[in-house]
J.: 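Can you read through this structure? Questions will come right after.
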Amino acid sequence: MRLQIFALQPAKICSKICAFVLCEQALEAYYSGGVWRQDYDDDCVGKIPCELKRGGLSEDAVYDLLTDNNYLLKRLRELGKCWGLFEK
């Protein structure tokens, strides 16, 4: 029974990583596609309601997040190769 539980863990982990990667790709597309810049400019001239949170308009926080995520994914790929989850 314990072996069956451990055998399921890589599948769950891979599923969560895939969902994470999709979210990261959407975030990166938002920032690199010009939509972020338009939102930022609109906020600067008061076109975005003041009650909306603006954490997503922070360049530094998102850059740090994407950089950290890139490192994390690289490390996970390396671990996956060691565990035999990916081709070497």
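Positions are given from 1, in the same order as the sequence printed here.
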J.: Y63: what forms a side-chain hydrogen bond (donor to acceptor under 3.5 Å, both in side chains) with it, not counting sequence neighbours?
T.: none
J.: Is there a path from V62 to L52 through hydrophobic residues (I, L, V, M, F, W, Y) whose side chains come within less than 4.5 Å of each other?
T.: no
J.: List for me each residue that meets salt bridge (charged side-chain N to carboxylate O under 4.0 Å, His left out) alongside D64, sequence neighbours excluded, and say none if there are none.
T.: none
J.: Roughly how far, to the nearest 0.5 Å, is the CD1 atom of I48 from the CG atom of D43?
T.: 5.0 Å
J.: Give the table of side-chain donor-acceptor pairs shorter than 3.5 Å for residues 22-30, with sequence neighbours excluded, one pair per line with atom names and distance.
T.:
| from | atom 1 | to | atom 2 | distance (Å) |
| --- | --- | --- | --- | --- |
| Y30 | OH | D39 | OD2 | 2.6 |

J.: Walk me through whether L65 and N69 qualify under side-chain contact (heavy atoms from CB on, under 4.5 Å).
T.: CA-CA 6 Å; L65 175 70; N69 289 351; 3.6 Å; yes
